[in-house]
There are 2 protein chains.
Amino acid sequence: MARRSSKTEPERKADDAYHHGHLRTALLQAALETIAARGVDAVKMNDLARRTGVSVAAPFRHFPNRQALLVALAEDAAQRLQARMEAAARSHEDPTEAHRARGVAYVRFAVEEPAYFAVLSRADVIAASPPLQRMSAMNIEAMDLILGKRRGGEATPSLVRRTAGVLAAQALTFGLARMIVEGLLGDITAEQAERLAYEVTGVLGEGL
Amino acid sequence: MARRSSKTEPERKADDAYHHGHLRTALLQAALETIAARGVDAVKMNDLARRTGVSVAAPFRHFPNRQALLVALAEDAAQRLQARMEAAARSHEDPTEAHRARGVAYVRFAVEEPAYFAVLSRADVIAASPPLQRMSAMNIEAMDLILGKRRGGEATPSLVRRTAGVLAAQALTFGLARMIVEGLLGDITAEQAERLAYEVTGVLGEGL
DNA sequence: CTATCGATGTGAGCGTCACTAACATGGATC
DNA sequence: GATCCATGTTAGTGACGCTCACATCGATAG
């Protein structure tokens, strides 16, 4: 069993080289291009099949349904995003600065990889993937603390203050990224977005 | 002409009382209920028709397509949201407090009228309505100022700072509202949301 | 070396949905 | 009473997600 699985997947996993070659990967790539060009809603299974040169039924051998394909993309996206944020944070000693860098990296990601960011922004997609749900729900603790729902004793006022600051920073970068990719701030380059994120997160600096 | 139009719309506009009675209004209402129960994507023209007791083609006499129906809902939503925010702002003398109240009202609206807020959150719907686009794009000036793209002379540093504060507040409430309705903070009551918004916007207070 | 098996791909078809075209109806106006 | 126009109906079209029965081919077993 173990030997077989190591042979049917020769070059690590996710490299399905069979009839088509790499249908699964090709489908994800094609979907990503569609999203970049015309948005998530424009992703059609039929279209992906035609563009990868297979029949319309073939994609369903790799993904049980359209949603599952989007979930796979979103999970890739989450991994890339996390890698970027951690890399950005590593180059700062001061925890506050590191946190700010994470926020700026988040916004950068949204602007530089809008297709990946777009799938990650679909609530229905997130809801269909327990791992993604867990990743997104990290803020619940902060909220409970602020609202005093914390089990076992009251939190100190200063802790509440600092936690509110963290949640504020999160909501701020989250909101700014959404505003940018949804075009609410007009067209904007990655550099401009980064500077904007830097300036705007700076407003929080004094409150922390 | 003028006389006719004043007679075919007896009780102000949007009251279309003809064969069905108020099909247009009924459709919007039904759509709103669907959104509240199962989200925007669950809105089907066929379903609305069946539930309002007309044929599947009838809705298209009132809306050229599905998107137009959603746009109509979103425009209602924008009106309600604006009314709430202005009402909240009116009860404060201090401009900073008034602005904070607007932000809190924004979050409250998202939690208390999630169906309306959901349509307003659809970028494709906003993009299809010039009025809504204009309303949403109010922040572009702020951004241009922060980035120094302002035509005619540099802005003073203090003006940049204050403008960044305004944009930060906007991004903050925007992001917090989205996080809440997308379930990223778990289930939450309107009161809790309001307190959360108040605490979190408070972080900005010192920066302004 | 061949029989077998499982993963992958195909062709045809089904149900749902947005939308359209041609015709019906009925209240207001001339 | 004829006419008109807004509104509604019936029937149909095409796009799309998805399923089913069958084909193919690489790898493994005897």
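Quick note on labels: first sequence line is chain A, next is B, and so on, each numbered from 1.
- Nucleotide C:dT8 holds its P atom 10 Å from the CG atom of A:L23, rounded to whole Å.
- Residue A:A58 has its side chain nearest to C:dG9 when only C:dG9, D:dT9, D:dT19 are considered.
- Rounded to whole Å, the distance from CG on A:L48 to C1' on D:dA15 is 15 Å.
- When rounded to the nearest whole Å, the span between CE of B:M45 and P of D:dT9 equals 14 Å.
- Classification of B:R51 and B:E33 as a salt-bridged pair holds, one side-chain N sitting under 4.0 Å from a carboxylate O.
- A donor-acceptor pair under 3.5 Å links the side-chain atoms of A:T173 to the main chain of A:Q170, judged by distance alone.
- The phosphate of D:dG8 has OP1 or OP2 within less than 4.0 Å of a side-chain N or O from B:H62.
- Between the A:R100 side chain and the A:Y198 main chain, a donor and an acceptor come within less than 3.5 Å of each other.
- Following rounding to the nearest Å, A:F60 (CZ) and C:dG11 (P) show an atom-to-atom distance of 16 Å.
- Residue A:D47 is classed as having no contact, given no heavy-atom separation below 4.0 Å to the nucleic acid.
- Residue whose closest nucleotide on DNA chain C sits further toward the 5' end, between B:Q67 and B:R61: B:Q67.
- To the nearest angstrom, P of D:dA6 lies 17 Å from CZ of B:F63.
- Distance, B:R50 CZ to C:dT16 C1': 12 Å, rounded to whole Å.
- Listed nucleotides: C:dC19, D:dT9, D:dC16. Nearest to the side chain of B:S55: D:dT9.
- Here the P atom of nucleotide D:dG17 and the CG atom of A:N46 are 5 Å apart, to the nearest Å.
- Electrostatic pairing of B:R84 and B:E112 counts as a salt bridge here, judged by a charged N lying under 4.0 Å from a carboxylate O.
- Distance, B:D41 CG to C:dT16 P: 18 Å, rounded to whole Å.
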